[in-house]
Amino acid sequence: MIPARYAASRFPAKLMQDLSGKPVIVRTYEATKNTRLFDEVFVVTDSEVIFDTITKAGGKAIMSIKEHECGSDRIAEAVENMNVDIIVNVQGDEPFTDRESLAGVLEVFKSDLEMEIDLASLMVRITDKDEIANPNTVKVIVDNRNFALYFSRSPIPYPRATEIENVYYKHKGIYAFRKSALMDFQRLPMLGLEATEKIEAIRYLEYGKKIKMVETTVSGIEIDTPEDLQRAQEAWR
């Protein structure tokens with residue numbers, strides 16, 4: 001499932017911007033489809049423009065019925081009556097989505113015999129100080145089994161002990177959910193930490209869900225700003 005909202009505070013209509021001859025959302029849909037990992041791939045949107053663009057490109061799209069605050073809610077509405085076990089959320093602004101990373105989040109469920117994992121997601125190591133400090137980059141810290149402890153727009157861990165070489169991870173917004181966890185999400189009200197940070201993954205933690213993080217070395221380019229789009233154009237060429 002690829003949630004696709006037309007409006008965006010930092011870069012309005014970013015999903016419809018041209019990326020080497022096709023809109024960003026079409027590039028993301030095609031990249032996801034080309035991994036050949038999924039039974040079905042859908043774009044779930046609030047926009048008739050995006051809906052029409054995907055269907056005209058030969059893809060599958062679902063029109064949201066309700067207004068939604070986040071991608072998880074949008075996907076939950078779309079899959080509520082579908083007979084599915086695992087749902088993967090690929091962000092619409094990630095046209096460089098790759099097979100290896102998606103296969104990694106799916107793999108954790110195969111070995112989860114005790115059904116301990118509610119959802120899995122990706123993280124990539126970052127070393128650039130500006131990126132670590134950037135509030136637009138969501139950071140994650142994990143326990144010794146790579147279960148998420150917390151997500152934040154602030155640098156975590158805070159480097160108070162300067163003699164320790166801290167490792168920082170950026171959270172990449174790709175999730176694989178058990179359907180039950182996703183349906184719980186839409187029924188549970190937002191709590192204080194999620195409201196403060198504006199990070200939907202925190203809601204799962206606040207309600208005791210277990211998020212398994214999978215490290216990837218594929219950073220890709222998320223298109224949040226016009227500058228990101230320019231970098232994507234150069235990378236595509």
Side-chain angles (χ1 to χ4, degrees), residues 1-11 14-15 25 28 32 42-47 50 62 64-80 84 86-94 97 101-102 105-106 108-109 117-124 126 134-142 146-156 169-214 216 220 222-225 228:
M1 291 290 177
I2 306 172
R5 192 165 58 95
Y6 188 84
S9 57
R10 282 173 286 174
F11 191 4
K14 65 180 182 179
L15 299 184
I25 186 61
T28 302
T32 306
F42 296 93
V43 170
V44 189
T45 184
D46 62 351
S47 164
I50 292 175
I62 298 172
S64 295
I65 299 171
K66 303 175 184 176
E67 291 291 327
H68 297 289
E69 290 291 324
C70 65
S72 290
D73 284 331
R74 190 176 303 282
I75 292 173
E77 179 197 285
V79 303
E80 185 172 8
V84 291
I86 303 295
I87 303 107
V88 177
N89 174 352
V90 174
Q91 299 299 320
D93 59 4
E94 295 222 21
T97 294
S101 298
L102 290 175
V105 295
L106 290 171
V108 301
F109 293 100
I117 298 168
D118 295 296
L119 59 153
S121 193
L122 289 174
M123 62 183 184
V124 61
I126 52 175
N134 188 341
N136 292 326
T137 298
V138 175
K139 277 71 67 174
V140 59
I141 50 174
V142 296
N146 276 0
F147 281 102
L149 293 171
Y150 192 61
F151 301 86
S152 183
R153 297 185 183 278
S154 299
I156 49 174
Y169 290 102
K170 174 184 179 179
H171 178 219
K172 289 178 63 65
I174 291 175
Y175 301 91
F177 311 91
R178 292 196 189 281
K179 184 179 179 182
S180 57
L182 182 60
M183 301 317 295
D184 283 346
F185 180 92
Q186 72 165 351
R187 291 190 289 265
L188 296 170
M190 183 186 299
L191 299 179
L193 293 176
E194 180 192 0
T196 299
E197 295 262 18
K198 300 298 183 187
I199 300 171
E200 64 186 83
I202 293 176
R203 189 182 311 181
Y204 292 99
L205 296 182
E206 288 188 277
Y207 284 101
K209 303 293 186 185
K210 302 284 283 184
I211 306 176
K212 185 78 166 183
M213 301 301 300
V214 177
T216 178
E222 301 168 25
I223 299 175
D224 286 323
T225 65
D228 293 334

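All of these numbers come straight from a predicted model, not from anything done at the bench. Hydrogens, waters and symmetry mates are skipped; everything else that's a heavy atom, side chains included, is used.
- We find the CG-CD1 distance between L106 and I86 to be 7.5 Å, quoted to the nearest 0.5 Å.
- For E200, there are no salt bridge (Lys or Arg N to Asp or Glu O under 4.0 Å) partners, not counting sequence neighbours.
- Taken to the nearest 0.5 Å, the CD1 atom of I223 stands 8.0 Å off from the NZ atom of K14.
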Could you walk me through whether Y6 and D46 pass the side chain to side chain contact (heavy atoms under 4.5 Å, CB included) check? CA-CA 7 Å; Y6 188 84; D46 62 351; 4.3 Å; yes
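- The shortest non-hydrogen separation linking L205 to A148 is CD2-O, 3.7 Å.
- Looking at every heavy atom in both residues, V105 comes nearest to A120 through O-CB, 3.7 Å.
- At distances below 3.5 Å, at least one donor-acceptor pair connects side-chain atoms of S121 with backbone N or O atoms of I174.
- Judged by distance alone, the side chain of K179 and the main-chain N or O of E80 form a donor-acceptor pair under 3.5 Å.
- Of all the heavy atoms in I211 and A201, the pair that sits closest is CD1-O, 3.8 Å.
- Between I156 and F151 the shortest heavy-atom distance is CD1-C, 4.1 Å.
- Looking at heavy atoms from C-beta onward, E206 lies in side-chain contact with E194 at the 4.5 angstrom threshold.
- Contact check for D224 versus D93: side-chain heavy atoms found under the 4.5 Å cut-off.
- The backbone N or O of I65 lies less than 3.5 Å from a partner atom in the side chain of E77, making a donor-acceptor pair.
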Stepwise side chain to side chain contact (heavy atoms under 4.5 Å, CB included) check, M213 with H171: CA-CA 9 Å; M213 301 301 300; H171 178 219; 3.7 Å; yes
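- A donor-acceptor pair under 3.5 Å is absent between the side-chain atoms of T97 and the main chain of T28, judged by distance alone.
- Counting only heavy atoms from C-beta outward, the side chains of F109 and I117 approach each other to under 4.5 Å.
- Going from atom NZ of K66 over to atom CG of D73 covers 9.5 Å, rounded to the nearest 0.5 Å.
- Here the side chains of K170 and V138 are not in contact, with every heavy-atom distance at 4.5 Å or above.
- The aromatic rings of Y175 and F177 sit parallel, their planes meeting at an angle under 30°, below the 60° perpendicular limit.
- The side-chain heavy atoms of V214 and M123, taken from C-beta on, include no pair separated by under 4.5 Å.
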Donor-acceptor pairs under 3.5 Å, side chain of residues 180-193 to any protein atom, not counting sequence neighbours: which ones?
unit_1	atom_1	unit_2	atom_2	d
D184	OD1	R187	NH2	2.8
D184	OD2	K209	NZ	2.6

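- Annotation: side chain of F42 is not in contact with side chain of V79 (no heavy-atom distance under 4.5 Å).
- Across all their heavy atoms, V43 and A4 have their closest contact at CG1-CB, 3.7 Å.
- In this structure the side chain of D118 reaches within 4.5 angstrom of the side chain of K210, judged on heavy atoms.
- Every side chain to side chain donor-acceptor pair (under 3.5 Å) that D228 has, sequence neighbours left out, goes to T225, R231.
- Taking OG1 of T45 as the start and CG of L15 as the end, the distance is 8.0 Å to the nearest 0.5 Å.
- The minimum heavy-atom distance between P3 and N89, with the atom names listed, is CD-OD1, 3.2 Å.
- Taking 4.5 Å as the limit, some side-chain heavy atom of E222 sits within range of a side-chain heavy atom of K172.
- Distance alone, capped at 3.5 Å, is enough to place a donor-acceptor pair between the K139 side chain and the R153 backbone.
- With rounding to the nearest 0.5 angstrom, the OH atom of Y150 is 4.0 Å from the CD1 atom of I202.
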